[in-house]
Amino acid sequence: MSDTHDLEHFKKNVKACIVVFALLMVLTLVTVLISFHDFGHPHYNIAIALVIATVKALMVAAYFMHLNAEKRTIFRILYFTGAFAAVLIFVTLWCFADPIRFIH
Amino acid sequence: MDIPYTVLPRKDTGLWNAKVGIWLFLASEVMLFGALFSTYILLRVNSPETGALKWPHHLLNVPIGTFNTGVLIFSSITVILAWASLVLKNLKAFKWWMGITILCGLAFLGIKSREYYQKFTHYGVFLRDGTVITGHMKNEDVKLKEGEVTRYISNLQVVNGVVNAGPMKGSEIEHVMIAPDAPAGHGHEAAEHKAEKIEGKDIARIASYGPWYSPYFAIYFTLTGLHAIHVFGGMVVNTFMWGPGTKMYFTNPQRFTNRVEVAGLFWHFVDLVWIFLFPVLYLL
C-alpha cells in the first residue's frame, strides 16, 4: 500500500464494501417480505429465498472477503471445497432413490 | 522458531502463510456446515405433512431474527473498517471499529440467548388423540401422580429425586394447567388465553420447545448452536486483537494488520453462514 495509486484503489474498495453492506440489508428485508407472500407453491418461496441468499453470500465472499482480487492458490482450494460440498449434499439426497423407501 | 512468511508472500503460493491457512480452515468449515445443511434437507423432506411434528412455517420470531441478522451484517462492515483503519495507519480508529464489532457479537449472542430462553419455557402438550396444545406453563402447573414429589417441567425434570432430561411422559402426570397460545399468529407469541386443565390420562407427552420437541427443533438448535459457538470464537479472537494483541502493531504493524485481516475473514464466514441459516430456519 505504499503507492498512492494503491491507496486510492484501496479506499475505493472500502467504499464498495459500504455499498454492498447497504445492499445486503435491503436484500434481507426483501427476503423477509416475500416470505409472507404466496407464490403459489412453497417450492417457489424456497427457491426464491435461496437464490437471494446465494447472491448475498457471493457478495460477502467477493467484497467483504475480497475474493474479487485474490490469488489463484485460494481459488484452487475453493474449487475443491465447492466440488466436495456438492458431492456431500448429492450423496445424502441419493437416499431418496433407495427403493426400500417405497415399500411401506 | 519464527513462523515464515507472515508479511511477505511465498513465491509458490503468492500469499503470506496465514492467508492460505485461514482459507484451508474455512474450506473445512464449509464441509462441516455442509454436512449439517444436508441433514436439514433430509429431516425436512422426510417430515410428516400433517400433525404436530410437521415442519413449521414462521414459528420463530421473525422481527427479532431480522434484527439480529442486521446486527451481524453490520458487524461485518465494522470489522472491514477496523482492518482498513490499520492499513491507513490509524490505530485509534481501529480500536473504535473493532470495539463496535465485538459489541455487535455480544448483542447477537444476547438476543439469541433470549430467543433460546423463550423456546425452553414454551411447551407442547401432545394428546393421545393426536392433537397438540402449545402454550406456557410454570412448574406449579404440573401435578404429578402421588408419590412423585419434586419436579421441574422445563428441559430438566426431577421426578422422585431422579433428574431426567427431555420430554415427560403423560403416564407420570395427574393433570397439567396450560395457557394456550392464541391461534395462528405470524410467529408472534400473541396474547394468551387463560389456563386450561388437561388430565394426565389424555396426555401422551409434554415437551418444551427444546431439541427433543421435533426434528425441526433438533436441527434448529444444532445449526444455531454451532453458529453461536463460532460467533463466540470470533469474538475471543477479535477481543485479543482489540486488547493485548495490539502490542504487535508497535513492533511489526504489517503482520498485525494481516492478523486482523485473517480474523476478519473468519468473521465474514460466520456472517455468510447466517445468511443461509436465517431464511432456512426463520422464513421458509
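A, B, ... follow the sequence lines: proteins, then strands. Residue 1 opens every chain.
Contact annotation for B/Phe74: both backbone and side-chain heavy atoms come within less than 4.5 Å of a heavy atom of chain A. Contacts of A/Ile89 with chain B are made by both backbone and side-chain atoms, with heavy-atom separations under 4.5 Å. When heavy atoms are compared at a cutoff of 4.5 Å, A/Ile52 does not approach chain B at all. Only the side chain of B/Val280 comes within less than 4.5 Å of a heavy atom in chain A; its backbone stays farther off. A/Val32 touches chain B through backbone and side chain together, each having a heavy atom under 4.5 Å away. Both the backbone and the side chain of B/Ile73 come within less than 4.5 Å of a heavy atom of chain A. When heavy atoms are compared at a cutoff of 4.5 Å, B/Phe269 approaches chain A by way of both its backbone and its side chain. Using a 4.5 Å cut-off between heavy atoms, B/Arg10 makes no contact with chain A at all. In this structure, chain B has no heavy atom under 4.5 Å from any part of A/Leu33. For a residue to count as touching a neighbouring chain, one of its non-hydrogen atoms must lie under 4.5 Å from one of that chain's; by this rule A/Leu93 touches chain B with the side chain only. With a 4.5 Å cut-off on non-hydrogen atoms, B/Gln254 does not touch chain A at all. Using a 4.5 Å cut-off between heavy atoms, B/Ile80 contacts chain A through its side chain alone, with no backbone atom that close.
Annotation: maximal heavy-atom pairing with chain A below 4.5 Å, among B/Leu24, B/Leu15, B/Thr69, B/Ile41, occurs at B/Leu15. When the candidates A/Met65, A/Lys71, A/Arg72, A/His66 are compared by the number of heavy-atom contacts under 4.5 Å with chain B, A/Met65 comes out ahead. In terms of non-hydrogen atom pairs under 4.5 Å with chain B, the most contact-rich of A/Ala57, A/Ala49, A/Pro42 is A/Ala57.
Taking 4.5 Å as the heavy-atom cut-off, none of the residues of residues 215-231 of chain B approach chain A. Proximity to chain A among residues 98-115 of chain B is not found for any residue, judged by heavy-atom separations below 4.5 angstrom.
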